Amino acid sequence: MAKKLRKKRGLLVVVSGPSGVGKSTVVRRLLKLDKNLTLSISATTRPPRPGETHGEHYYFITQAEFDKKVKKNDFLEWAKVHGFYYGTPLSELKDQLSQGKKVVCEVDVQGAASIKQAVEQGKINAAAVFIFLIPPSVDILAFRLKKRRTEDQEVVNYRLRAAIAELQVMEKYDYIVVNDKVESAAEKIKAIINVEKERTLLN
Ligand code: 5GP
């Protein structure tokens, strides 16, 4: 019985948190630690950063393509983040979940709230767990944003203010994970996923 359920029902793992907290680095590490996880690849209108490739980090698309997808309801959720648009492709995610896969979605706090609502409304037939990644301190967050050096000071300050506001939403999440070290944050998320996979069998 348990085996049958395990096969049928996927697990949606939503990893969110403030900008610059290191979500994508932790998620990349997590995917290396647990080969049974699948990444939901988002679409974005943001131009690729050096080293980013289409179909691996994001689907890099134009604003017109993005707007078309929004109209066609191709996204589970979409949001404007720091001036660019980001969306979670719906049909790909549904396919993966219907195969019983554990799918990781790395989204901003708006995206996580929308996904939560979609799950509650039964738009997605899967168990879901919401994980909020926080920096050890806001100071370190500022340092990390500065170190990134891909944005100028004004953008850093803007992102920092947004990050502080984002921290206030964390009580809506199932788990809060401190990103002290990438490896240990990824290990903690891996442990959460393993526990949730067992727990959701009972739901
Ligand atoms: P970046 O441009 O640094 O890769 O991402 C900027 C922000 O957008 C991050 O907080 C990231 O988690 C978020 N993001 C990435 N993909 C999606 C998505 O599909 N939906 C939403 N709502 N946010 C996303």
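All ligand and atom numbering here is 1-based and tracks the order in the structure. Because the structure is a prediction, the values reported are computed rather than measured.
A side-chain N or O of T62 and one of E65 form a donor-acceptor pair less than 3.5 Å apart.
The option from D108, V27, V21, I41 that lies nearest to atom 22 (N) of ligand 1, judged by heavy atoms, is D108. When W78, Y85, Y86 are checked for heavy-atom proximity to atom 8 (O) of ligand 1, Y86 turns out nearest.
The closest approach between G87 and ligand 1 falls below 4.0 Å for a heavy atom of the residue. In this structure, F84 does not count as a contact residue of ligand 1, since none of its heavy atoms falls inside 4.0 Å of the ligand.
Residues passing the side-chain contact (heavy atoms from CB on, under 4.5 Å) test with I176 are F132, I134, M170, sequence neighbours excluded. Legend: residues meeting side-chain contact (heavy atoms from CB on, under 4.5 Å) with L90, ordered by chain and number and at least two apart, are L76, K94, I124.
Within the cation-pi definition used here (under 6.0 Å to the ring centroid, within 45° of the axis), K172 does not qualify as a partner of F130.
Here the closest heavy-atom approach between residue Q96 and residue L39 is recorded as NE2-O, 4.3 Å.
Set against the non-hydrogen atoms of G111, the atoms of ligand 1 under 4.0 Å away are 22 (N). Set against the non-hydrogen atoms of R46, the atoms of ligand 1 under 4.0 Å away are 1 (P), 2 (O), 4 (O). Atoms of ligand 1 found under 4.0 Å from any heavy atom of A79, numbered from 1 in the order shown, are 22 (N).
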Q: Please report the C-alpha distance between Q63 and D67 in whole Å, then the side-chain angles of each, then the deciding distance to 0.1 Å, and finally whether the side-chain hydrogen bond (donor to acceptor under 3.5 Å, both in side chains) criterion is met.
A: CA-CA 6 Å; Q63 186 68 56; D67 293 344; 3.0 Å; yes
